[in-house]
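In what follows, a structure is listed as structure tokens, so that the remarks can point back to it.
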Amino acid sequence: MKAAIIMGSTSDLSKVEPAVEILKKYNVQVAVRCLSAHRAHKELSAFIDEINNDGTEVVITAAGMAAALPGVVASQTVLPVIGVPLSGSVLDGTDALYSIVQMPSGIPVATVAINGSKNAAWLALQIMAVKHPEIREGLLKERAKMQEDALKANEEMKARFN
């Protein structure tokens, strides 16, 4: 089970690390790279060639501002690509969000919330769960725990205010 995470700058690492942690919790091998679509396009293309042929099942891309990275990756693979728009400009990530969601027909990029690398990891796991029953079972257990925690919080609020 393999996934790749590509960010455009090392300054994005703190926003991407939560996704790495979630994927590794599910025993997914994660190849993490910092390859700018603008400043390292040849090396980015070489890495995309590598993941197209090494069993990687999904790619998470994180980029801010013009956020070309997700689209450039999606243009060179048919693997599912998930884009994480990052804050960091005067537009606080809305520029990146618009760039990622406005892909041309035929070259889609699934897009999560600004700075939403955790949801990118969960979505990647859901995609991988189609093929891997152990991931599916883990996700079902995780959802059951979320439900349990939500109901416990509700009971605590009822006890406090009623």
Side-chain angles (χ1 to χ4, degrees), residues 1-88 93 96-97 99-147:
M1 300 180 299
K2 295 175 92 172
I5 297 178
I6 309 169
M7 67 195 93
S9 169
T10 56
S11 65
D12 303 334
L13 183 58
S14 65
K15 296 174 185 169
V16 171
E17 280 180 313
V20 177
E21 292 170 12
I22 290 168
L23 291 169
K24 287 190 173 189
K25 177 181 170 185
Y26 281 79
N27 298 313
V28 173
Q29 294 178 25
V30 186
V32 180
R33 298 292 187 276
C34 177
L35 294 168
S36 167
H38 299 106
R39 295 181 294 268
H41 63 277
K42 290 179 185 175
E43 293 80 6
L44 175 62
S45 291
F47 181 63
I48 296 167
D49 285 343
E50 180 183 323
I51 63 175
N52 276 332
N53 296 297
D54 72 357
T56 296
E57 298 174 61
V58 64
V59 184
I60 296 172
T61 55
M65 299 168 67
L69 182 63
V72 169
V73 172
S75 74
Q76 296 180 57
T77 188
V78 295
L79 295 171
V81 176
I82 303 167
V84 181
L86 299 177
S87 60
L97 174 64
S99 293
I100 297 170
V101 298
Q102 295 289 48
M103 290 299 298
S105 181
I107 313 293
V109 173
T111 310
V112 296
I114 296 168
N115 298 331
S117 73
K118 287 181 181 180
N119 266 355
W122 292 119
L123 181 55
L125 288 168
Q126 287 177 212
I127 292 167
M128 296 172 79
V130 171
K131 181 178 175 184
H132 301 284
E134 62 273 29
I135 292 177
R136 184 176 191 281
E137 289 303 314
L139 290 173
L140 290 171
K141 286 179 185 174
E142 189 82 33
R143 294 273 176 100
K145 175 80 168 89
M146 287 180 201
Q147 179 183 13

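Between the CD1 atom of Ile6 and the CD1 atom of Ile51 there is a distance of 5.0 Å, given to the nearest 0.5 Å. Rounding to the nearest 0.5 Å gives a distance of 10.0 Å between NE2 of His132 and CG of Leu125. To the nearest 0.5 Å, atoms CG (Leu123) and CD1 (Ile82) are separated by 4.0 Å. Distance check: Ile48 CD1 to Asn53 CG gives 12.0 Å after rounding to the nearest 0.5 Å. Separating the CG atom in Asp54 from the CZ atom in Phe47 is a distance of 7.5 Å, to the nearest 0.5 Å. Taking CG of Leu97 as the reference point, atom CD of Gln102 lies at 9.0 Å (rounded to 0.5 Å).
Between Leu69 and Leu44, the closest side-chain pair of non-hydrogen atoms falls below 4.5 Å. Ile60 is listed as a side-chain neighbour of Leu23, based on a closest heavy-atom distance under 4.5 Å. Considering only heavy atoms from C-beta on, Thr111 comes within 4.5 Å of Pro85 through its side chain. With a 4.5 Å cut-off on side-chain heavy atoms, Ile22 and Lys118 count as touching. Looking at Ile114 and Leu86, their side chains never come closer than 4.5 Å, going by heavy atoms from C-beta outward. Looking only at side-chain heavy atoms (C-beta outward), His41 and Val72 stay at 4.5 Å or farther from each other.
A search for side chain to side chain contact (heavy atoms under 4.5 Å, CB included) contacts involving Leu140 returns Arg136, Glu137, not counting sequence neighbours. For the side chain to side chain donor-acceptor pair (under 3.5 Å) test, no residue two or more places apart in sequence or in another chain qualifies with Ser99. Lys42 meets the side chain to side chain donor-acceptor pair (under 3.5 Å) test with no other residue; sequence neighbours excluded. Taking the side chain to side chain donor-acceptor pair (under 3.5 Å) definition, one finds that Asn119 meets it with nothing, sequence neighbours left out.
Contact between Ser117 and Val84 at its shortest, heavy atoms only, is N-CG1, 3.8 Å. Across every non-hydrogen atom of Ile135 and Met128, the tightest pair is CD1-CB, 3.8 Å. In terms of heavy atoms, Ala74 sits closest to Val109 at CB-CG2, 3.7 Å. Residues Ile100 and Ala67 come closest through the heavy atom pair CG1-CB, 3.8 Å.
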Listing, residues 29-37 side-chain donor-acceptor contacts under 3.5 Å, not counting sequence neighbours, or none:
from  : atom 1 : to    : atom 2 : distance (Å)
Ser36 : OG     : His38 : N      : 3.1
Ser36 : OG     : Arg39 : N      : 3.0

Quick one: side chains of residues 9-20, donor-acceptor pairs under 3.5 Å with protein atoms, not counting sequence neighbours, listed by atom name and distance.
from  : atom 1 : to    : atom 2 : distance (Å)
Ser9  : OG     : Ser11 : N      : 3.2
Ser9  : OG     : Ser11 : OG     : 2.9
Asp12 : OD2    : Ser9  : N      : 3.2
Lys15 : NZ     : Ser87 : O      : 2.8
Lys15 : NZ     : Ser87 : OG     : 3.3

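For the pair Asn52 (side chain) and Gln76 (backbone), a donor-acceptor distance under 3.5 Å is present. In this structure, Tyr26 contributes its side chain and Gly138 its backbone to a donor-acceptor pair below 3.5 Å.
Within a 6.0 Å sphere centred on NZ of Lys2, other residues, nucleotides and ligands contribute more than 12 heavy atoms. By the neighbour-count criterion of 12 heavy atoms within 6.0 Å, atom CE of Met103 is densely surrounded, having more than that number from other residues, nucleotides or ligands.
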Item to check | Full working for side-chain contact (heavy atoms from CB on, under 4.5 Å) between Val73 and Leu79 | outcome: CA-CA 9 Å; Val73 172; Leu79 295 171; over 6 Å; no
